[in-house]
Amino acid sequence: MALGVSININELTFGENATFLHIREGVSITNGDIDNMFLEASVGKIRNYPIDVRRQTIVTYPGVRYSIRLFKSTNAPSFFVRQKRGWDEQKVGFILLIEYGEYVAIIKRNASTTKSIMEKLEALSYDRLLSLYVNSNTEFEKLSMYNMDGSVNAVRSKTYEANDLRENFSIVGASRFVLRTFRANNNGSKVAMALSSSRVNEFKNKLSITEVCNWAKHTIDAFIAVVPVDTFLSVFATSISYKNVRDTLIPESILFFPTSLINGIQNATLSFEKKRKCVNVLLPDQVIVRYLSSLTRTMDIKLTTDADGSVHYWLCKDGRNTSVEVQLFANSIKVNSPVWKRIFVTDNATLNRTTLNSYINGRSEYNIYFANSPRIYTNNKLFEDTHLLGNIDYFLKVFQPVARLAFTDSEKGDVATTVSRFCPKSVFGVVEHYAINEHKYLVCDDFGPEWADHIGISDDKVSFYVSKHKVSKCSASDFQDVVGQALKNLGNLAPVDTQLQQKVTKWNGTWNGTPLPRFRSAAGKPCDAVNLWKEAINHPYFKREMNLVVDFLSVRDITTYLTNLKKGVSFKQKNEAYQLLWLLSSLIANCKQLDVSVHIYCKP
C-alpha cells in the first residue's frame, strides 16, 4: 500500500531521549542485524517505508552513522471487538539506531526494540551512569526506587518528588533500595535517567537528524570520560559486576512484583492472549490478575542436577517444582517458563506485542536472592547493600532477653481452659506478665481485623506486641512470618480517629469465643484507652513501639550467627543467618523511616 506522500529525513525532528547501550565483547552489529531490527520493528505495518536508511555516515561527525525506518500502521481501536471499515486508527512510528564506536543509541516511537539486536547489546555501567550528570550542585527533583527486601508485606517501591530532595530525603535505610530512575536539575538544564535500561532524556529542543547524532556522540564521549565518584546517589544499593561473581551465585528464592502488568490491566493499556492450538485467545483480565497475584510472594528455588551434570534451578510452589526455571547466563539471569512463552502481551497504545516471558525479563520485575550472600539480582543487575554487615552491631541492640521465654510451650495456651488469663507458659501469657504493668491500658487485639496481638497504651506511648511460638531454632522462615505481620501493621500505629473508634466495640468483647475479656487492665474501659491514645498522639514526646515477642530466637544464638557473618567465618547456619539479617535489616529500616522504635524480645 503506497502512502502517497514523499517524506525527507530533514523534515523529522527528534528529542534528546535515547537508550544508550554497549556492544557486548566479542560481537559486532552487522548489516543483517539492522535488517532484522527493521523487519521486527515494522511487523504488521504498511510495507511502503518513506524513509528506509541503513548506516548513513555524517561527514562532520566522523565515526557516527545512523539507520532509520519510518512506517505507518492502521489498526482497529483497542475497545472495538472487530475492525470496522473507515474506523481504523492510524499511527506513525520509527526506529533510529545511531552507532558510535562500541556504543549505540536507540530512539523509537510506536516501535519495539527487537530481540535479535538486543542480544548483542548491554546496558551501560550503573556506577558511571550515576556520575554522568551529577555534580556537587545538582538538584534532585525526583527519585524512584525498588526495595531489595524479600518480605511479602514490605513496600515494593517508592517515589519521592521535591524541588531538591537533598534537603528533605531521609537516607535512613536507603542502602536497602535500588535506585531505578531519577530526574535532576543542573542550573536549569534538566535530565531524567532510567538506570536499568540506560535511557537518558534531556528536556531540550527538538533536533534534526544531524543534531541528534551529534548529541548521541557527545553523550557517549561524556560517558566514556566520566570517572565514578561518590555523590548524593551513593547512599543507595551498590551495583556489583555479575560476570565477576557469577560462578559463586546459588539462587535460593525469588519475589515477583509484576506491578506494571497489573497496572496495565487496571488502566486498560495492556491486553493478553494465549496461544491454543495455533489460535490466539483473548484472556479475561480477572484471569491474568489472579495468576499474577499468585506470584507475589517469596518462593523457594530448588537445585536439580541431570545425569550429565547439568544444573537447573526451579521455582517451587507449595513444596513442588514448577515449570519456571531460573537460568544463569554469561551476562544476565533470566526466568523462563514455557507457559509464559505462550502468553502474549499487547500494548494497546503502540500495538507492540511480546511474550509474557520477554516482558517479565525485560523489566526484571523480580528480586532473586542467593544462598550465603547479601546480594540480590534485580533491574537486570546484581546489587548489594554495602551497609548491611557494617550495621550488625547496631542491629543486635534491638534484641532483649526474656528468661520466661525459655520455658514457653505454646503461643496462646489451651483455648478451652482460657477463662480469665492466658497460660503463664504461653507467649501471650509472658507478654501480659510484663506489659500489664508497663502501660496504663492493655488490650488483646488478636483475631479478626487485628493490628497486633496486644496493644499497650500509655500517656506518652503506644506499643504493639506481635507474638509467635515455634519449636524451631533461629528459623528464617518463622522470623519472616512475624516480621511480615509487623510490617503490615506499622501504619496502624498512627491511626485516624474513625479507625480508633471502631476498636471500642471489639475491645468491649471477649477473646476468641472464651470468657477472657479483650480489655486486660483492671481499671478503666476500652473507650478510656481509645481517648488516651488520641491524647497521647499530641504529647510532645509521644513514642510508638513495635515489639516482636518470639521464643524460637535467642540472644546468644543470633549474636553468634551475625557476628560470624561480620567476621567472614564459615559456619553451618550461614545461609539461615543471611536470611535473618535481611529480614532484620528490613524491619529496622521500615520502623526508622516511620519513627517507630523496634524491640525483639526472645530467649536469653
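Position 1 is the first residue of the sequence, and the numbers go up from there. Computed from a predicted model, the values in this text were never measured in an experiment.
- The pair Lys204-Glu202 counts as a salt bridge, with a side-chain nitrogen and a carboxylate oxygen less than 4.0 angstrom apart.
- Residues Tyr465 and His439 place their aromatic rings such that the two centres sit under 6.0 Å apart.
- A heavy-atom distance below 4.5 Å is not found between the side chains of Met546 and Ser597.
- Comment: Glu211 does not engage Lys206 in a salt bridge, judged by the lack of any side-chain N to carboxylate O separation of less than 4.0 angstrom.
- Checked by atom type and distance alone, the side chain of Gln485 never pairs as donor or acceptor with a backbone atom of Val482 at under 3.5 Å.
- A side-chain donor from one of Asn336 and Asn357 sits under 3.5 Å from a side-chain acceptor of the other.
- If you check the side chains of Ser260 and Glu365, you find a donor sitting under 3.5 Å from an acceptor.
- A donor and an acceptor atom, one from each side chain of Gln579 and Glu252, are located under 3.5 Å apart.
- The closest side-chain donor-acceptor pair between Arg176 and Ser585 falls under 3.5 angstrom.
- Ring planes of Tyr377 and Tyr366: parallel class, angle under 30° (limits at 30 and 60°).
- Trp340 and Phe256 have their aromatic ring centers within a separation under 6.0 angstrom.
- Side-chain N or O atoms of Thr559 include one that pairs as donor or acceptor with a backbone N or O of Val555 at under 3.5 Å.
- In summary, of the residues considered (Phe169, Phe140, Phe182), a ring pair (Phe, Tyr, Trp, His ring centres under 6.0 Å) with Phe236 occurs for Phe169 alone.
- Remark: Glu535 engages no residue in a salt bridge (Lys or Arg N to Asp or Glu O under 4.0 Å) (not counting sequence neighbours).
- Two residues are said to be in side-chain contact when any heavy atoms from C-beta on lie closer than 4.5 Å; Ile368 and Thr378 fail this criterion.
- Between His599 and Tyr601, the ring planes lie tilted relative to each other; the angle falls in the 30° to 60° range.
- Salt bridge Asp481/Lys468: absent, no basic N to carboxylate O contact under 4.0 Å.
- One side chain, Asn186 or Thr138, offers a donor N or O that lies under 3.5 Å from an acceptor on the other.
- A cation-pi arrangement, defined by a distance under 6.0 Å to the six-membered ring centre and an angle within 45 degrees of its axis, is present between Arg128 and Phe223.
- Residue Lys142 qualifies as open at atom NZ: its count of foreign heavy atoms under 6.0 Å is 12 or below.
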Margin query: Show, in sequence, the C-alpha distance, side-chain angles and deciding distance for Asp221 and Tyr100, and conclude whether the side chain to side chain donor-acceptor pair (under 3.5 Å) test is met.
Written below: CA-CA 9 Å; Asp221 283 336; Tyr100 178 58; 3.0 Å; yes
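- Arg183 has a carboxylate O that lies under 4.0 Å from a charged side-chain N of Glu161, or vice versa, which qualifies the two as a salt bridge.
- For Asn367 and Tyr369, the side-chain atoms include at least one donor-acceptor pair closer than 3.5 Å.
- Asp445 and Lys503 are joined by a salt bridge, as a carboxylate oxygen and a charged side-chain nitrogen come within less than 4.0 angstrom of each other.
- For an aromatic pair to be called close, the ring centres must be under 6.0 Å apart, and Phe20 with Trp215 satisfies this.
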Next item on the list: Decide side chain to side chain donor-acceptor pair (under 3.5 Å) for Asn348 and Ser271; before the verdict, give the C-alpha distance in whole Å, the side-chain angles of both, and the deciding distance to 0.1 Å.
Entry: CA-CA 7 Å; Asn348 294 330; Ser271 57; 3.1 Å; yes
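- Between Lys566 and Asp393 there is a salt bridge, since a side-chain N of the basic residue sits under 4.0 Å from a carboxylate O of the acidic one.
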